[in-house]
Amino acid sequence: MWAETVAVTGAGSGIGRAVLLAAAARGARVAALDVDLSAASAAADEALTAGASGAVAVECDVSSEASVAAAFDVIGAPGAVFANAGIEVNAPLHEFPADAWERVVAVNLVGVFLTCREALRRLVEAGRGGSVVCTSSPAAFVGHAGGGNSAYAASKGGVSAFVRSAALDYAPHGIRVNAVVPGATDTAMLRVGGADLGRIREAAAAQIPLGRLGRPDEVAAAVLWLLSGESSYVTGSHLVCDGGLMAKSANDF
Ligand SMILES: NC(=O)c1ccc[n+]([C@@H]2O[C@H](COP(=O)([O-])OP(=O)(O)OC[C@H]3O[C@@H](n4cnc5c(N)ncnc54)[C@H](O)[C@@H]3O)[C@@H](O)[C@H]2O)c1
């Protein structure tokens, strides 16, 4: 499907891994970037089995300028990029350690900037256009009822604003920049802080209009569409894939 490489950050787990495998199933050449090299390598191996025309795993900490630059030196000019790596740390705002708050922003927002910058440099030079998708969150738009979400929400709000700005800047180059907004998706991130998955599934059944958590492959289908030429007239946009969560008001009167 793609002549050029599809590069994915956070490819070792969850949504990133699902996107890597979905691109692989369409015959793409894929690059799995993750701070966890063994997870990235396992995902790259799976991608080859799934049908990728080539797969490379690269250790990359998206919060590090040098690490991201070195990773893109390895993979070269991709045709499509999924800037997805992210972490979540929650704490009451008045008790939030500054270094933890800064780390969330460094990975989730600065990491998206660094990934997109390295990708865009190469995409502009190659002159073939391209597609970039960044992972936002409902937290960019609505408050998290569970609380303590200030760092994560701020980072994802930044990603959403970044996407609109970058889309305008690179439209003249034929490079589209969009965001996916996954709802509560069944990945390792949901278990952050040792959360009880059984309780989360029960809450999802009661609170999410479609009555369940999302699956990584369902988010991947939305991302694949944005990465592919099938969405050729879509840029600066958000594709919400949340089972109806954000469409719902808590009011029942
Ligand atoms: N799971 C959800 O409910 C949900 C909802 C909305 C948005 N998101 C977003 O989706 C994205 C993917 O999350 P996920 O749910 O698949 O989580 P996950 O924990 O399963 O996967 C995250 C991956 O990112 C990698 N990573 C972490 N820090 C990194 C760094 N500094 N550099 C490179 N890689 C790093 C991890 O090693 C891991 O492989 C994140 O941006 C997350 O904020 C998740």
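Each ligand, and each atom within it, is numbered from 1 in the order the structure gives.
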Answer with yes or no whether [X] contacts ligand 1, where contact means a heavy atom under 4.0 Å from a ligand atom.
X      : value
Gly183 : yes
Glu59  : no
Ala184 : yes
Asp61  : yes

His144/Tyr152 under ring pair (Phe, Tyr, Trp, His ring centres under 6.0 Å): CA gap, chis, key distance, verdict: CA-CA 10 Å; His144 177 45; Tyr152 188 78; 8.3 Å; no
Residue and atom name of the nearest protein heavy atom (relative to atom 8 (N) of ligand 1), distance in Å to one decimal: Tyr152 OH, 3.5 Å
Nearest-contact summary for atom 12 (C) of ligand 1 - protein heavy atom, Å: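 Protein heavy atom with the smallest distance to atom 12 (C) of ligand 1: Asn84 OD1, 3.3 Å.
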Pair Arg199 + Glu202: basic N to acidic O under 4.0 Å: no
NZ/NE/NH1/NH2 to OD/OE distance under 4.0 Å, Arg212 and Glu218: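 Answer for the salt bridge query: yes.
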Subset of ligand 1 atoms that lie under 4.0 Å from at least one heavy atom of Lys156: 40 (C), 41 (O), 42 (C), 43 (O)
Interfacing atoms of ligand 1 (cut-off 4.0 Å, heavy-atom, Ala188):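 Contacts of ligand 1 toward Ala188, numbered from 1: 19 (O), 20 (O).
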Within-cut-off N or O pair, Ser13 and ligand 1, under 3.5 Å: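 So ligand 1 has an N or O lying under 3.5 Å from an N or O of Ser13.
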Nitrogen or oxygen of Val62 less than 3.5 angstrom from that of ligand 1: yes
Exercise: do Asn149 and Glu88 side chains pair donor with acceptor under 3.5 Å: yes
